[in-house]
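See below for the structure under consideration.
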Number of protein chains: 2
Amino acid sequence: MFATVAPIATWSSPVPPRPIAGPAQANVLEPLKAVAVTVRTDRDEEIVAQGDPARHCYLLVSGCARTVKLMEDGRRQVGEFLLPGDLFGWEALDEHDFGVEAVTPVTLLRFPRSALETLVDRDRHFARQLRALSAGQIRAGRERLVLLGRKTACERIASFLLEMAQRIRGEGGAMIGLPMSRADMADYLGLTIETVCRGLAQLRTAGVIAVERSKIVILDRRALGVAGCETVH
Amino acid sequence: MFATVAPIATWSSPVPPRPIAGPAQANVLEPLKAVAVTVRTDRDEEIVAQGDPARHCYLLVSGCARTVKLMEDGRRQVGEFLLPGDLFGWEALDEHDFGVEAVTPVTLLRFPRSALETLVDRDRHFARQLRALSAGQIRAGRERLVLLGRKTACERIASFLLEMAQRIRGEGGAMIGLPMSRADMADYLGLTIETVCRGLAQLRTAGVIAVERSKIVILDRRALGVAGCETVH
DNA sequence: CGTACTCTTGACTCTAATCAAAGTTGGTGG
DNA sequence: CCACCAACTTTGATTAGAGTCAAGAGTACG
């Protein structure tokens, strides 16, 4: 079925906030790479434990990771999904408030937070990029507040799919391969696994998307935007 | 009743992330004050409209304000409450994604975002402070994600009271005067007015707090922390 | 003193969670 | 290569927590 679905459209929306280490920016991180250690991790392995002393920062090179906060009774909230080029941990104070776990096998660069501090003080250009990164994080966080505080289950799911479609940007067209399980999606969206399934089913029935496990095709981007209460960008 | 309630305790928790313009830091903003305009606004007046071009930043001097996102159908999410010393708007890209409204009559300093950019580039000390501020914002935002994504109504309310108690730090003891209405609290916590009332009533019945309109006394801080799922700091 | 507003409480509804069970899929080993 | 197993996903039935609707109480203000 999926092999026969033609690419529907290329994105007309503006470029998403670009990761700090995207192709065009890779050079600004060069000084850090000198002191960086490459780390490889298997699926579901822990990269940073919640509460770890925050000595290091991480730059995700390949794969997908999730940041996680676990409550004492086991309730779990996924903070964000990290994709290649995403930086984690520079904003820690004394310790990492969220843990980091591999969603797929991942490769990361690990370097001391002090190295980042030094670079920021020395390199005005890098400092500006880091500022832009912070601003993007803060704004994205606020968008999540609206999602978690005021959107319905189905709206959250639609918004999530749009976000992922923008960020993953696979080879061809509107098909996206979601690296994370339904459980991860649920904990990201403040829902349960079952509700995520039902929401996807509802969007499928409405003809907005096609779903097959982790592969999702956006059939009607406009309708998905409406379903997610995303004002047209 | 409230006049007879003795102060219960002083806070034993660590200092909260300090606003950038608190007494000790006031000096670093001096260069900005030269180009700043003082703005005064009445209760419920709009200070920044959602979607305004982001030419200015604001430093709240006195009173309380809320940042607000309105969805097309009228659903509302309060992003944060701004208290004296809080900075708003530096993180905007092209436009302010949230509006700002006065909760009480407020005084603010308004200055061009470009002035902040300049200061940041020139003053390493200030840049570091701004970085600390961003980091604090990001961490606070993540805490909110857990609150909105995974906590029950009553837990959200308990967490909120603790946050406000820390930030407002009134003259005497455990009594806090909340400047915002139940509606503002509800939109901050992703709840309805009625649910906020019921949650407060529940905490009152449990003997954890005393409530009278906007005046709230924390009778049992430990129990409130437990009710809010706040791991002991 | 009256009016308008906010807050509180009650009754009922509805969305999403929970509990339960039946498909799917992919990986492993025979 | 195929069968089996464990994990994940999907769907269904029921429950619970928060939302909605409604009415009344308390306050602040003119």
Side-chain angles (χ1 to χ4, degrees), chain A residues 1-2 42-44 66 71 73-77 103-105 147-161 177-206 209-216 227 229, chain B residues 1-2 42-44 66 71 73-77 103-105 147-161 177-206 209-216 227 229:
Chain A
M1 162 194 188
F2 275 64
D42 267 347
R43 186 168 180 282
D44 283 331
R66 58 180 176 256
M71 293 172 67
D73 58 3
R75 280 177 285 181
R76 196 179 78 138
Q77 176 70 41
V103 171
T104 65
L147 183 145
L148 292 173
R150 287 300 177 215
K151 289 191 184 175
T152 65
C154 201
E155 288 166 351
R156 296 181 201 193
I157 293 163
S159 293
F160 171 74
L161 292 178
L178 297 177
M180 71 290 291
S181 69
R182 297 287 186 267
D184 286 337
M185 291 174 48
D187 287 338
Y188 181 72
L189 298 174
L191 300 171
T192 59
I193 299 175
E194 295 93 328
T195 302
V196 170
C197 280
R198 283 187 251 267
L200 289 172
Q202 198 174 319
L203 289 171
R204 176 165 45 68
T205 304
I209 59 172
V211 187
E212 189 176 314
R213 288 282 164 147
S214 71
K215 288 175 183 47
I216 291 189
C229 299
Chain B
M1 160 195 189
F2 275 64
D42 267 347
R43 187 169 178 280
D44 282 331
R66 57 180 177 255
M71 292 172 68
D73 58 3
R75 278 177 286 180
R76 198 178 76 139
Q77 177 69 40
V103 170
T104 64
L147 183 144
L148 292 173
R150 288 299 177 214
K151 289 191 184 176
T152 66
C154 202
E155 288 165 353
R156 297 181 202 194
I157 292 163
S159 294
F160 171 74
L161 292 178
L178 297 176
M180 72 290 290
S181 68
R182 297 287 187 267
D184 287 337
M185 290 172 50
D187 288 337
Y188 180 74
L189 298 174
L191 301 171
T192 59
I193 299 176
E194 294 93 328
T195 303
V196 170
C197 279
R198 282 188 253 266
L200 288 172
Q202 197 174 320
L203 290 170
R204 176 165 45 69
T205 304
I209 59 172
V211 186
E212 189 175 312
R213 289 281 163 149
S214 70
K215 287 175 183 46
I216 291 188
C229 299

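Heavy atoms only: backbone and side chains are in, while hydrogens, waters and symmetry mates are out. Numbered from 1 within each chain, the chains take letters A, B, ... in sequence-line order.
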A:Arg182 side chain to A:Arg213 main-chain N or O, any donor-acceptor pair under 3.5 Å? yes
Which side-chain N or O atoms in residues 183-191 of chain A pair as donor and acceptor under 3.5 Å with protein atoms at least two apart or in another chain?
from     : atom 1 : to       : atom 2 : distance (Å)
A:Asp184 : OD1    : A:Arg66  : NH1    : 3.4
A:Asp184 : OD1    : A:Arg76  : NH2    : 2.7
A:Asp184 : OD2    : A:Arg66  : NH1    : 3.0
A:Asp187 : OD1    : B:Arg150 : NH2    : 2.7
A:Asp187 : OD2    : A:Arg76  : NE     : 2.5
A:Asp187 : OD2    : A:Arg76  : NH2    : 2.9
A:Tyr188 : OH     : A:Glu163 : OE1    : 2.8
A:Tyr188 : OH     : A:Glu163 : OE2    : 3.2

Between B:Ile193 (CD1) and C:dG10 (P), how many Å, whole number? 18 Å
Separation of A:Arg198 atom CZ from C:dT15 atom P, in whole Å? 13 Å
Could you tell me from which nucleotide to which nucleotide of DNA chain D, 5' to 3', there is an atom under 4.0 Å from chain B heavy atoms? D:dA18 to D:dT27
State which residues pass side chain to side chain contact (heavy atoms under 4.5 Å, CB included) with B:Thr104; sequence neighbours excluded, sorted by chain then number. B:Cys64, B:Val106, B:Pro179
For B:Arg75, enumerate each residue passing the side-chain hydrogen bond (donor to acceptor under 3.5 Å, both in side chains) test, keeping only those at least two apart in sequence or located in another chain. A:Glu155, B:Asp73
Comparing B:Asp44 with B:Glu194, nearest DNA chain C nucleotide closer to 5' gives the residue B:Asp44
For DNA chain D, what residues of residues 147-154 of chain B have any heavy atom nearer than 4.0 Å? B:Thr152, B:Ala153
To the nearest 0.5 Å, what is the distance between CG (A:Leu161) and CD1 (A:Ile216)? 5.0 Å
Using a heavy-atom cut-off of 4.0 Å across all strands, would you classify A:Leu200 as base, sugar-phosphate, or nothing? nothing
Here the salt bridge (Lys or Arg N to Asp or Glu O under 4.0 Å) pairs for residues 190-202 of chain B, sequence neighbours left out, are none
Each nucleotide N or O in nucleotides 23-28 of chain C that has a protein N or O under 3.5 Å away: list the pair and distance.
from   : atom 1 : to       : atom 2 : distance (Å)
C:dT24 : O2     : A:Arg213 : NH2    : 3.2

For B:Ser159, side-chain hydrogen bond (donor to acceptor under 3.5 Å, both in side chains) partners two or more places apart: B:Lys151, B:Glu230
Categorize B:Arg156 for me: base, sugar-phosphate, or nothing, with a 4.0 angstrom heavy-atom threshold over every strand shown. nothing
Find the bend of the helix from C:dC1-D:dG30 to C:dG30-D:dC1 as the angle between its two terminal axes (five pairs each), to the nearest 10°. 40°
Expected list for residues 177-190 of chain A near DNA chain C, using heavy atoms below 4.0 Å, is A:Gly190
Rounded to whole Å, please give me the gap between CG in B:Leu191 and C1' in C:dC7. 16 Å
